[in-house]
Structure formats: C-alpha cells, structure tokens
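Excluded from the calculations below are hydrogen atoms, water molecules and symmetry mates; all remaining heavy atoms, backbone and side chain alike, are included. Just so we're on the same page: letters track the sequence lines, and every chain starts at 1. Small disclaimer: the values here were computed from a predicted structure and weren't measured.
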There are 2 protein chains.
Amino acid sequence: MRRLQIATIRELARLSGVSVATVSRVLNDYADVSPTTRARVLEVARELDYTPSAAARTLVMQRSQVIGVVLQTGEGHPDLQHPFFQEVLVGLKHRLGAGGYDLLLFATENPGNGFSEHSFARRARHHRVDGLVVMGVDPADPEVQKLLRSSIPLVAVDAEVVGRRSGYVISDNQGGARLAVRHLRECGHERIAIVTGMLSTRPGADRLLGYRAELEALGVPYRDDYVQEGDFYFDSGYRGMRALLALPEPPTAVFAAGDLMAAGAVRAVEEHGLSVPDDVALVGFDDIQLAAMMQPSLTTIRQDKTGLGATAGEALLRMLEQVDAAPPTTSLPVELVVRESSRVRSSRRARKQRDLEVTGA
Amino acid sequence: MRRLQIATIRELARLSGVSVATVSRVLNDYADVSPTTRARVLEVARELDYTPSAAARTLVMQRSQVIGVVLQTGEGHPDLQHPFFQEVLVGLKHRLGAGGYDLLLFATENPGNGFSEHSFARRARHHRVDGLVVMGVDPADPEVQKLLRSSIPLVAVDAEVVGRRSGYVISDNQGGARLAVRHLRECGHERIAIVTGMLSTRPGADRLLGYRAELEALGVPYRDDYVQEGDFYFDSGYRGMRALLALPEPPTAVFAAGDLMAAGAVRAVEEHGLSVPDDVALVGFDDIQLAAMMQPSLTTIRQDKTGLGATAGEALLRMLEQVDAAPPTTSLPVELVVRESSRVRSSRRARKQRDLEVTGA
DNA sequence: CTCCTCACCGGAAACGTTTCCGGAGTTATT
DNA sequence: AATAACTCCGGAAACGTTTCCGGTGAGGAG
C-alpha cells in the first residue's frame, strides 16, 4: 500500500474522477464546487495523505510562505551563540509559525559551490522568501543595504534600519541604561563606570548614550576613564572590569551593558579579592537566564526578548497581508530587575525574594 | 536600471543571444559549451545579478538543497530555549551550510490554515527537504515514527532512532555519568545522590544508568532515596536538591544530570545555609556556557555540543551523497571538567586555573 | 418553447528550471 | 572524397501547481 512516488494532484484528480482544476479548487476552499465532489476529493486526499508541493505552489503563486532569518555571524562569535538572539528566535518562530510561515535559517558560510551564492539578497531571491528578519547586523553593511533595496518586507531586530518596506523593533536601550545608572546612584554610588557593548551596534551605542545622559541628569560628572569598551561577551566584561579596578580611583559601581559582560566583571572583581556587591555594585542588561542563576544573582535591565521576536513577526505578518502597511519602528519598554549584585548587603530576605523570582518564572 | 521583475533564465538567454538550454549548461558547469559563449553568458548573468529560482529547480530536480530541523517543543519548555540545543544548532548550521544546504526550522505550532498541516512528515514532503535533523524528541512519538518510514534521510541528536535511512549521534552519557560519580568518590564522598533528567529521554535514562553502574563498580551501596527525578531545567534541580537536603541522612555529593539543574541545586544548597563545595559537592553535565561563569564555577561533564551538530550534519551529507551510506550510530566522547563546585577548598590557585579555562576558550 | 442565468466543472497556459534528443558545422579518419 | 566522430547548441518535454476562460446542463423567466 506504500506508494513509491509521493502523490501529486494529478493522481488525486484521477482517483477522485475529476480534473486537477477542481481538486485545486476544493483544496483551496473555493466556492465553485459541489458538496459531493468536495467530500469525495477530500476523502481521497486523506487516504493518499496528499500534501501539495511547496515548490510548485511557490513557482506559480510567486510566494513561498517562508521567512528568511539572517543571524550575522559576528567576528568570532556566532550570534546564534548569544542567548539573547536565541530567545528572540523563540518568539519569532512562535508568532510566524502561528501565521503559517516557516523559518529558513540562512547559512552564513559561503557554500562556494555553483556560482557565487553568498549574498543574502541573492539567497532571499533564490528561495523567494516572502519576508526577512535580520538580527545583530550592522545597518551600514553593504549586504544589508542590498537587502533594503530589494523590496522584500524586512524587519530588523536591534538595528535601526528603515526603508520603504523595512522597519525594526528594538528595546528602549537608552531608557534602560538610564534606569541602571539611576538605580546605582540611588544605592548611594557616585563613582559609576560602564563597560559598553560594541559601539557599532545600536544597543551598544544607545546604552552608552543613556549612561551619559543620566549621569548628567543626576549631576554626576562624566569621566572618560570610567568608560571601557567591550563587545557584549564574557571576556570583554572581565577585561573591562580589570582595567577599571586598576584605576587610581576605581569605581564603586559598574553598569555592564550586557549580562554576559556583567558575569565577566563579577569574575574580575572576585579575582581581585573584592566582593560584589559590597565593594563593587553591578548592573547588567538583558536579563538572560544566566542573570537569575548566577551567584550573586544579577541586577539587570530586563528586555522582553521573546516579545521582540513576536513583535517582529507580528509586524512582518502585517506587512505581508497589506502591502501598504507601514514598516514598524517599535521600541519595547524595559524593566529594572533588582537582585543581589546591587544590594547593599545580601540578607536572608533578599535571598528569599530572589528565589521566588526564579522559581516563579 | 532597476528591474521590476527579477530576472529569469529566459531573459538571461535572450540577452546573451543563446537558448535557455545553453544558459542552463553554463550555469551548471557542463562541458558542452564553447568558452566564448560561456564567458558571454556569465557576463550577462553578473550584470543582471541573476539567481536561479529554488522552486523551479526543486520542482524539476526533485531535491531542494534544504534540510529540515525539528526541535520538539517540550512540555512547557521550547527546546530551542535550552542552551544545549542552541549550541548543537550552531554546529549543524555550520557544517550543513558549508555543504551548500540551508536550514528550515519547522514551526511546531500548527498553522491550522488550509487542511491539516501539522504533521512533520507532511511538512517534510511539502517542502521536499532532502534530509532531516531532529532534536530532543521521543523516538516512540508517532510523529517521529512516521518520519522514519518516510524514507527521507534523517539523523537524530540525543535520541536513539534507527531505521533504514536514519541514524543518530549522541554523547557517551553513560560513560559521562560514571566519570562524574567516580570523580565524586575520589574526592572522598560516600553519600552520592543524583538528580536525573527526564527519564523518557535517552540522555536522562543513560545518565542514571551510568550513575548506578559506577556506584556498583565502586562498591558504594545504591539507595533509592538518593535518586530525584528532574527534567533538565533549573527548577527541577532546585526542588530535587531541597528534597535531598530534607533527608534524614542527606548526601554530601550530588551528580546533577544537567548544568541547569546543577545551578538550581546550588541555589537550594545555599538557601539552606550550606555551601558548595564545602558541604555539598556538585557535578553537572553538558558544560554549557553558564557552567564556567557561575559562582562557584561548576565541575561538569563536557559534551562536544557543536561537535554533535557537526557530526550530525556530516553524516547527513554522507547519506545524501551516496544512497547506500550507512546511517550513523555515533557516540561522541565526553570529558570531565573539574571546577570549584567539587573542589575540597576553593584556593587561590584554583581560581587562577578556572580563569584560564574561560578566557582561553 | 426559447433564452438567460447559474452552478459546476475541464482545458490549458503559465511559473522557471533541467535534461534528453537530435541537428548543424567542423575536423579527423579511411 | 566520403564518412565518421566531435563540438556546440536549440527545441521541447517535464516537474506540480493555480487560475483564467469557456462550456455544459439544469432550472427559471419570458
């Protein structure tokens, strides 16, 4: 009873004694078909376990029901490796999946086979994806610029790209940074330093901006030597913190513009024989899983990561449904989550609270 | 100069003054074409920024150059959320990308639109994927069984599925568990408990098996009350550890069958007013990023996660190239990584070493 | 009884490729 | 000088759909 070839619409038509046109009509829920015919065709289709060919459908309809996802492989660190993007991906997949779309992950490694196949724009056209989501890319990247001109609906996460058919969703990075600095100030700190993310990225730049803005608003003088440039990953946080500790007048509080870097900073502080938060208070950014789990648990600015993905998906769906839908330029709110790394003293009560937070999630 | 329609092979043929057949031959590097013609076609193709349509090619060639990836959305926890799978995905994408394949992420949410679209087997046929990689699934799942019968080359990660065209790659979970227990015993512990992963999964079951086997080998009596069933995630580690600490004779060492659970266990221990490793020694499994970053850093059994992905990709490529290639049944070695959570005392020297490990990675 | 409308259906073109088959020149072989 | 063997190329079928356009038969209006 196993068929060797997978069933085609022609086979299905033959078996139900109607034309392929009619079969197509019942499969696509057109009105112009009698109830009896419809029932018969559906029955045979079920028996055959028939599935239409996406390729054929794409070819004739000029749309694929597939969304391309590009995660730029950062220098050395595949972005896929950063927990942040992973969570965004979860939200994205969920929303787009519910909308009937599948996700095509563009491999960033150039296959080399055939004629030059690399460029994202080419790959997008090649697969005829209906839309694109790009994450962690530099908007100035020529690759990205090509994508923008391509008239394929696109939404970027964490990068401010705008075009006729492309928008972005992003967290309120500047506001988040201000929250972090204000919190540190309210904890009594005056010497507040920062370890930044990559300044070439929007979040990296904005968090630094917010840091400076809040410092000014609070009347705390800005010092160049309190700014350490990092790259969002653990090691750079570690190195940045070391540099800060080596200063003649080291800071008593540090805002690390990413949780991974905050973790690195904690490592540096403790290796220096000091303690978090007693000697150095720390606030991170992102609230990745790690933040609540580490010791001391990390005060941080929570981004709604799956929300970013879901919002991006949502916006994309809107743009696909109505051609004239405006591309999104959405900024999602963030939230200060106070944990141990910024508390004056780690008390019994603090621990209890921290616990509730995690297990309740 | 912008074309409204994307260029087709027909257009390309017209512009180069040859037939589509010839263009196709040029593009696919056939020998049967004169150097001058070849050059001309290539030139025009470059000008047009021509890209062949994947849909058309798939249709006629009956292959898509796409690999389907299914990540079963576990009960409550999307697997994509577990760092483990993320890293496997990195390796997979890398290897398969280099082989010229793109990855299609199957959305697990049933789109509902059209006629029943859910089943993975249907989706696989629908997109005509050339191969499949499945992760974190139950081999007994009827969905998976359907996939096996479908004659599409398949390789599973972390699940022992075998079929005519399907194999698996997995870590040596049993051996890893034995390593963990032996290490704990060598640290002087006698009362060694375990918090298991989901026993319905291969790794969950195997790690428990290894635990028991090594206990026996070492002549340490096995106790039922030293076995707490978890589910690989933080909370279950936390709960399991609490239960163990409530025992009349609590263990002095615990093997947590996953790093996330180990982190939860640390939390429970400290909340209980005890310390890791002084009161309770801990060994985890996986060596996810978290393990090296947390405080105390986690002794664990390292799996080669990207290696799993790469091996899976490699095997799949082999099966795609030669139909008669045997499906893999590969087991990758694991490795004990000693960090603070199992050290008798956290010394200056230990910290130094831990540091090297992380920054050197 | 004829004509119109309407419900239902089939034929066929189109989507963009690959590949089989054969044909026209050109060069080598007898 | 005829034929064989290459080299290079074009026509056309095929892949599995969707959709336009038109056709048939039944029933209602004139």
**Asked** Just by modelled atom types, is the A:Phe120 backbone N or O under 3.5 Å from a matching donor or acceptor in the A:Glu143 side chain?
**Response** yes
**Fill in**
Rounded to whole Å, CZ of B:Arg63 lies from C1' of D:dG16 at a distance of 19 Å
**Message:** For A:Ser150, give me all partners under side-chain hydrogen bond (donor to acceptor under 3.5 Å, both in side chains), at least two apart in sequence or on another chain.
**Reply:** none
Write out a two-atom table: protein N or O, nucleotide N or O from nucleotides 17-22 of chain C, distance below 3.5 Å.
from: C:dT17; atom 1: OP1; to: B:Tyr50; atom 2: OH; distance (Å): 2.9
from: C:dT17; atom 1: OP1; to: B:Ser53; atom 2: N; distance (Å): 3.2
from: C:dT17; atom 1: OP2; to: B:Ile9; atom 2: N; distance (Å): 2.5
from: C:dT17; atom 1: OP2; to: B:Tyr50; atom 2: OH; distance (Å): 3.4
from: C:dT17; atom 1: O5'; to: B:Tyr50; atom 2: OH; distance (Å): 3.1
from: C:dT18; atom 1: OP1; to: B:Asn28; atom 2: ND2; distance (Å): 3.3
from: C:dT18; atom 1: OP1; to: B:Arg57; atom 2: NH1; distance (Å): 2.9
from: C:dT18; atom 1: OP2; to: B:Ser24; atom 2: OG; distance (Å): 2.7
from: C:dT19; atom 1: OP2; to: B:Tyr30; atom 2: OH; distance (Å): 2.5

**Distance below 4.0 Å between B:Gln62 side-chain N/O and D:dG16 OP1 or OP2** = yes
**Message:** Could you work out how much the helix from C:dC1-D:dG30 to C:dT30-D:dA1 bends, comparing the axis of its first five pairs with that of its last five, to 10°?
**Reply:** 60°
**Request:** For C:dC9, take OP1 and OP2 only and decide whether either is under 4.0 Å from a side-chain N or O of A:Ser34.
**Result:** yes
**Asked** Does a salt bridge link A:Arg40 with A:Glu43, judged by any charged N lying under 4.0 Å from a carboxylate O?
**Response** no
**Message:** Applying a 4.0 Å non-hydrogen cut-off, can you work out what B:Thr58 is touching in the nucleic acid: base, sugar-phosphate, or nothing?
**Reply:** nothing
**Asked** B:Leu59 has an atom CG; how far is it from atom P of D:dA13, in whole Å?
**Response** 17 Å
**Fill in**
Taken in chain and number order and not counting sequence neighbours, the residues that satisfy salt bridge (charged side-chain N to carboxylate O under 4.0 Å, His left out) with B:Arg14 are B:Glu11
Hey, can you pull the donor-acceptor pairs under 3.5 Å for the side chains in residues 316-330 of chain B, sequence neighbours left out?
none

**Request:** Starting at atom CZ of A:Arg40, determine the distance to atom C1' of C:dC8, rounded to an integer number of angstrom.
**Result:** 12 Å
**Asked** Does any N or O in the side chain of B:His82 come within less than 3.5 Å of the main-chain N or O of B:Phe84, such that one atom is a donor and the other an acceptor?
**Response** yes
**Asked** Does B:Arg128 reach the main-chain N or O of B:Gln62 with its side chain, forming a donor-acceptor pair under 3.5 Å?
**Response** yes
**Prompt:** If you round to the nearest 0.5 Å, how far is CG of A:Asp49 from CZ of B:Arg122?
**Reply:** 5.0 Å
**Message:** Suppose we screen for salt bridge (charged side-chain N to carboxylate O under 4.0 Å, His left out). Which residues come up paired with B:Arg63, at least two apart in sequence or across chains?
**Reply:** none
**Prompt:** How close or far is atom P of C:dG16 from atom CG of B:Leu12, stated in whole angstroms?
**Reply:** 13 Å
**Asked** Starting at CD of A:Glu11 and ending at P of D:dC15, how long is that distance when rounded to a whole Å?
**Response** 12 Å
